[in-house]
Amino acid sequence: MVLIPWRGKQREREPGRIETSPLAALRTEMDRLFDQFFREPLGTFEWPFGDRGWVPPVEVTESDEEVTVRAEIPGVDPQHLDLSMVGNQLVLAGEKKDDLDRSGRECHASEIRYGSFRRSIPLPANVDEQRVEADCTNGMLTIRLKKIQPTPAKRIEVKGR
Amino acid sequence: MANETITKTPAEQTVTAEETRSGLFYRPNVDILEKADELLVLADVPGASREGIDIHFEDGQLTIHAKAPRRHENVEFLVHEYGVGDYYRTFRVAETIDAANITAEYADGVLTLHLPKAPAVKPRKIPVKA
């Protein structure tokens with residue numbers, strides 16, 4: 001990512017300036033998302049495309065043999081989970097469905113977020129895509145990915161004349 | 001940890017006082033909905049097992065305590081966005097609740113509590129006789 005000098009609210013103080021080219025409009029939109037991302041802590045970042053989503057918090061640890069990724073996804077049916085590997089990134093996607101009939105009910109607290117999520121997690125090591133285990137119990141997703149062990153260095157002898 | 005009130009006054013429906021407890025507890029996120037005949041409480045307690053959930057209702061105070069055991073000690077995290085510990089939250093319920101018939105379900109890390117209202121506070125239509 002390119003570092004852009006912080007302009008703060010400067011843009012708003014330039015009345016009459018209209019972004020005309022599509023590229024400029026895209027840049028404005030990117031700036032807005034970028035600003036929004038840093039203004040809000042990760043957990044409350046609103047997915048700007050489509051329905052109001054959420055971002056599950058994750059935890060990544062590694063041992064000599066494996067990388068473990070855990071995520072808190074309470075209320076997500078394991079059948080609505082979609083895990084994939086894209087390059088060296090683990091992609092978690094899914095949906096927390098709100099299937100409660102809320103009509104005719106007075107709401108006293110609404111802290112739980114519903115909707116779909118999608119998150120890419122860069123992995124700290126090369127892993128074997130064929131040896132990935134995923135488990136979802138009590139709203140806690142655990143994914144274990146076995147590392148590809150580097151082949152031991154082979155010593156090459158140099159023959160002298 | 002907060003001690004909250006569920007009342008019928010529209011202006012101050014939830015939060016009232018703070019109550020601290022020793023130790024590290026996490027405050028679960030909740031949804032609270034009210035129907036004519038019951039209060040419904042949903043709480044996100046990921047990582048807790050069904051056996052480790054303790055629900056108390058006494059003197060109009062509802063307490064949720066869910067145990068979530070620590071998984072590892074002295075591990076270096078590459079990404080660490082949430083802590084692991086027990087969940088604890090109390091609510092003061094202003095409605096008269098039929099305590100004997102409170103039921104709870106637990107699935108996929110979400111606790112669902114049904115608190116039926118006592119018959120006395122249920123809305124009742126009284127027919128007028130001729």
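All values below were derived from every heavy atom in this structure, side-chain atoms included, with hydrogens, water molecules and symmetry-related copies excluded. Letters A, B, ... are given to chains in the order of the sequence lines, protein chains preceding strands, and every chain is numbered from 1.
Using a 4.5 Å cut-off between heavy atoms, L100(A) contacts chain B through its side chain alone, with no backbone atom that close. In this structure, chain A has a heavy atom under 4.5 Å from the side chain of L40(B), while its backbone stays farther away.
Put simply, M85(A) and L141(A) are part of the same group of oily side chains (I, L, V, M, F, W, Y) that touch within less than 4.5 Å, one to the next. Put simply, V79(B) and L145(A) are part of the same group of oily side chains (I, L, V, M, F, W, Y) that touch within less than 4.5 Å, one to the next. The hydrophobic cluster containing V93(B) also contains L111(B), counting ILVMFWY residues as joined when their side-chain heavy atoms lie under 4.5 angstrom apart, directly or transitively. Following chains of ILVMFWY side-chain contacts shorter than 4.5 Å, one cannot reach F117(A) starting from V91(A), and the two form parts of different hydrophobic clusters.
Within 6.0 Å of CD on E51(B) lie more than 12 heavy atoms contributed by other residues, nucleotides or ligands. The local environment of CD in E58(B) is sparse, with at most 12 non-hydrogen atoms from other residues, nucleotides or ligands closer than 6.0 Å. The number of heavy-atom neighbours closer than 6.0 Å to CZ of R102(A), taken from other residues, nucleotides and ligands shown, is above 12. A 6.0 Å sphere centred on CD of Q149(A) holds more than 12 heavy atoms belonging to other residues, nucleotides or ligands.
Side-chain atoms of R105(A) and E38(B), non-hydrogen and from C-beta on, do get closer than 4.5 Å to each other. Within the 4.5 Å cutoff, no side-chain heavy atoms of L78(B) are placed close to those of T61(A). Considering only heavy atoms from C-beta on, E34(B) comes within 4.5 Å of H108(A) through its side chain.
Contacts with chain A were tallied for D31(B), N29(B), V110(B); D31(B) has the most, counting heavy-atom pairs under 4.5 Å.
Nearest heavy atoms, V58(A) versus Y82(B): C-CE2, 3.7 Å.
At distances below 3.5 Å, at least one donor-acceptor pair connects side-chain atoms of N138(A) with backbone N or O atoms of A48(B).
Summarising the geometry, atom CD1 belonging to I32(B) is positioned 10.0 Å from atom OG belonging to S110(A); distances are rounded to the nearest 0.5 Å. Atoms CD and NZ, on E106(A) and K35(B) in that order, are 14.0 Å from each other to the nearest 0.5 Å.
Of the listed residues (E111(A), K96(A), R113(A)), just one forms a side-chain contact (heavy atoms from CB on, under 4.5 Å) with D44(B), and that residue is K96(A).
Taking 4.5 Å as the heavy-atom cut-off, the residues of residues 72-81 of chain A that approach chain B are E72(A), I73(A), P74(A), G75(A), V76(A), D77(A), P78(A), ordered by number.
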